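When reading the values below, keep in mind they use all heavy atoms of this one structure, side chains included, and skip hydrogens, waters and symmetry mates. Since the structure is predicted, the reported quantities are computational estimates derived from the model, not experimental observations.
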Amino acid sequence: MLDLSQFHADGEATCFHGRHISAQIYADLNGRNWHLTDYVARGGYQALRKILGLDGGTGMTPEEVIAEVKASGLRGRGGAGFPTGLKWSFMPRMFPGPKYLVCNSDEGEPGTCKDRDILMFNPHIVIEGMAIAAYAMGIGTGYNYIHGEIFDAYERFEAALDEARAAGYLGNNIQGSGFSFQLYASHGFGAYICGEETALLESLEGKKGQPRFKPPFPASYGLYGKPTTINNTETFSAVPWIIRNGGQSYLEVGKPNNGGTKIYSVSGDVNLPGNFEVPMGTPFPVLLELAGGVRTGRKLKAVIPGGSSAPVLPADIMLNCTMDYDSIAKAGSMLGSGAVIVLDDTRCMVKSLMRLSYFYTHESCGQCTPCREGTGWLHRLVHRIENGQGKSEDIDLLNSVADNIQGRTICALGEAAAMPVRAMIKHFRNEFIHHVEHKTCLVPAYV
């Protein structure tokens, strides 16, 4: 049986297999066990040494590394869930000029707090994962773009980079293998839009973080106009385990098409909010139990299963879901970043939607008219309904505005703003009607 507590954090971080991390443990871990010596003692950099043939083995070819990642079933942990090995195979290995590797640590989705903990408590696993990816794709330079509001994680990653360089795991001719890889950290500016991969590239280039039209895609025209591969922090952190133990072993931890483990950030109305690492396909009631269940005395009303941009699901649907991409999609939502927001029976869905709509209005970059104008309309309409000034036609108007945003923007922020609106009205239309007709909330005990 695999010891999954060793997967991302090797038993000494906030990402435990089915284990909640208290504030005290979090504080205790902050100053220890993230250093290079600790990571190596836990088997760190063995995977990189394995592929480079540094411990007496024959090493692995880049094609063999990519094949192993494909066999693992690893899907991007940033939200889209795209097969990682397949993405790596898109990189033109024989391209004559520079190519780039980028880690997307711009974690700004409301409810998501996993990547910053990986960077704080196990930064070397991200470094090793990126070095392996760079070797597989023939890339010489990489960047980790870190969200601007988690400066402590940026400083921790910079310190880990210094350790890795000093030990010869980064730089020119790594460990005498002939493979060279330079890796740098870049501090973002706290804009949610920079989590979109092409906006991130624009920001890395020193420009305003606004999404690019696609195609061309980053694999052919990315950073500085060169081929670029972008993966999420958690995605890179899975790679060393896969190389050490084999892609098939990783796949068997989860379920078909949903291999491995996933870190879920559980927040909202639960007794023990935090990060939980469990196998993909874990039933939602099991994850809810690990988080201490719904807060004392309350009943589960709804769940946003994949961050604030994911459509909400009522309790009766969510309790029959397993935590993987396919099950959540079949239920009508998205696994997304794995930010599970739990709502109990005291929550007014209209007020919850008003808060979400404000966020997307504030974070829209303004490049696309449907998003720039439409997100403001959505917020004003929901605000009007919540404050007892709504009209009966406003509910259908909300759906109409959402329809005119979704699918009509350069990036997915338009969808992120529109989908929660449509889902809230679909599943909790009675609450919107009650607000309009009675000028008050249907939930009497709202807190």
Shortest non-hydrogen contact from [X] toward [Y]:
X: Ala164; Y: Ile127; value: CB-CG2, 4.2 Å
X: Gly281; Y: Asp324; value: CA-OD2, 3.5 Å
X: Gly78; Y: Thr235; value: N-OG1, 4.3 Å
X: Cys194; Y: Ala199; value: CA-CB, 4.1 Å
X: Cys368; Y: Ile410; value: SG-N, 3.3 Å

Handout entry: Residue pair Phe179, Tyr135: steps toward the ring pair (Phe, Tyr, Trp, His ring centres under 6.0 Å) verdict
Key = CA-CA 7 Å; Phe179 168 60; Tyr135 172 81; 5.5 Å; yes
Are [X] and [Y] side-chain neighbours, meaning at least one heavy-atom pair lies under 4.5 Å?
X: Tyr145; Y: Ser203; result: yes
X: Val102; Y: Thr229; result: no
X: Pro240; Y: Leu48; result: no
X: Val270; Y: Val294; result: no
X: Phe95; Y: Lys226; result: yes
X: His124; Y: Asp38; result: no
X: Cys365; Y: Pro211; result: yes
X: Val303; Y: Val312; result: no

Problem - Working for side chain to side chain contact (heavy atoms under 4.5 Å, CB included), residues Arg355 and Lys351 - result: CA-CA 6 Å; Arg355 289 172 172 169; Lys351 189 165 188 176; 3.7 Å; yes
Between [Y] and [X], does any NZ, NE, NH1 or NH2 come within less than 4.0 Å of an OD or OE carboxylate oxygen?
X: Asp55; Y: Lys50; answer: no
X: Asp326; Y: Arg75; answer: yes
X: Asp345; Y: Lys301; answer: no
X: Arg295; Y: Asp269; answer: yes
X: Arg212; Y: Glu205; answer: yes
X: Arg116; Y: Asp152; answer: no

Using a 3.5 Å distance criterion without hydrogens, assess whether the side chain of [X] forms a donor-acceptor pair with backbone atoms of [Y].
X: Glu107; Y: Asp115; result: yes
X: Arg156; Y: Met120; result: yes
X: His379; Y: Ser357; result: no
X: Asn271; Y: Gly292; result: yes
X: Thr282; Y: Met323; result: no
X: Gln406; Y: Ala418; result: no
X: Lys87; Y: Ile230; result: yes
X: Ser220; Y: Pro216; result: no
X: Ser237; Y: Glu234; result: yes
X: Thr409; Y: Cys371; result: no

Aromatic contact, [X] with [Y] (centres under 6.0 Å):
X: Tyr154; Y: Phe157; answer: no
X: Phe90; Y: Phe217; answer: no
X: Tyr45; Y: Tyr39; answer: yes

Exercise for the section: Dump the intermediate steps for side-chain hydrogen bond (donor to acceptor under 3.5 Å, both in side chains) on Ser337 and Glu109, then the final yes or no. Expected result: CA-CA 8 Å; Ser337 61; Glu109 180 90 348; 5.1 Å; no
Exercise for the section: Apply the side chain to side chain contact (heavy atoms under 4.5 Å, CB included) test between Thr228 and each candidate in Leu223, Ile139, Leu204; give the one that qualifies. Expected result: Leu223
Tell me whether [X] at atom [atom1] has more than 12 heavy atoms from other residues, nucleotides or ligands lying less than 6.0 Å away.
X: Glu289; atom1: CD; result: no
X: Lys299; atom1: NZ; result: no
X: Lys214; atom1: NZ; result: yes
X: Phe189; atom1: CZ; result: no

Can you measure from [atom1] ([X]) to [atom2] ([Y]) and round to the nearest 0.5 angstrom?
X: Met318; Y: Ile304; atom1: CE; atom2: CD1; result: 11.0 Å
X: Leu74; Y: Phe236; atom1: CG; atom2: CZ; result: 10.5 Å
X: Asn258; Y: Leu251; atom1: CG; atom2: CG; result: 9.5 Å
X: Glu68; Y: Asn245; atom1: CD; atom2: CG; result: 10.0 Å
X: Thr375; Y: His362; atom1: OG1; atom2: NE2; result: 11.5 Å
X: Glu415; Y: Ile405; atom1: CD; atom2: CD1; result: 9.5 Å

Practice task
Would you check, one step at a time, whether the test salt bridge (Lys or Arg N to Asp or Glu O under 4.0 Å) holds for Asp117 with Lys114?
Solution key: CA-CA 5 Å; Asp117 278 356; Lys114 61 184 179 64; over 6 Å; no
Problem - Working for side chain to side chain contact (heavy atoms under 4.5 Å, CB included), residues Phe276 and Thr261 - result: CA-CA 10 Å; Phe276 301 87; Thr261 63; over 6 Å; no
Practice task
Cation-pi check, Lys262 to Tyr264: give yes when NZ or CZ is under 6.0 Å from the six-membered ring centre and within 45° of the ring axis, no otherwise.
Solution key: yes
Problem - Modelled atom types, side-chain donor and acceptor of Tyr192 and Ser364, under 3.5 Å - result: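 Checked: Tyr192/Ser364 side chains show no N/O donor-acceptor pair below 3.5 Å.
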Practice task
Report yes or no: do Ser180 and Asn173 form a side-chain donor-acceptor pair below 3.5 Å?
Solution key: no
Practice task
Return the set of residues passing side chain to side chain donor-acceptor pair (under 3.5 Å) with Thr233 (not counting sequence neighbours), or none when no residue passes.
Solution key: Ser105
Handout entry: Partner set under side chain to side chain donor-acceptor pair (under 3.5 Å) for Lys99, not counting sequence neighbours
Key = none
Exercise for the section: List the steps and the verdict of side chain to side chain contact (heavy atoms under 4.5 Å, CB included) for Glu197 and Cys411. Expected result: CA-CA 9 Å; Glu197 61 180 14; Cys411 81; over 6 Å; no
Exercise for the section: In sequence, state the C-alpha distance, the side-chain angles, and the governing distance for Val342 and Leu300, and then conclude on side chain to side chain contact (heavy atoms under 4.5 Å, CB included). Expected result: CA-CA 8 Å; Val342 177; Leu300 181 67; 3.5 Å; yes
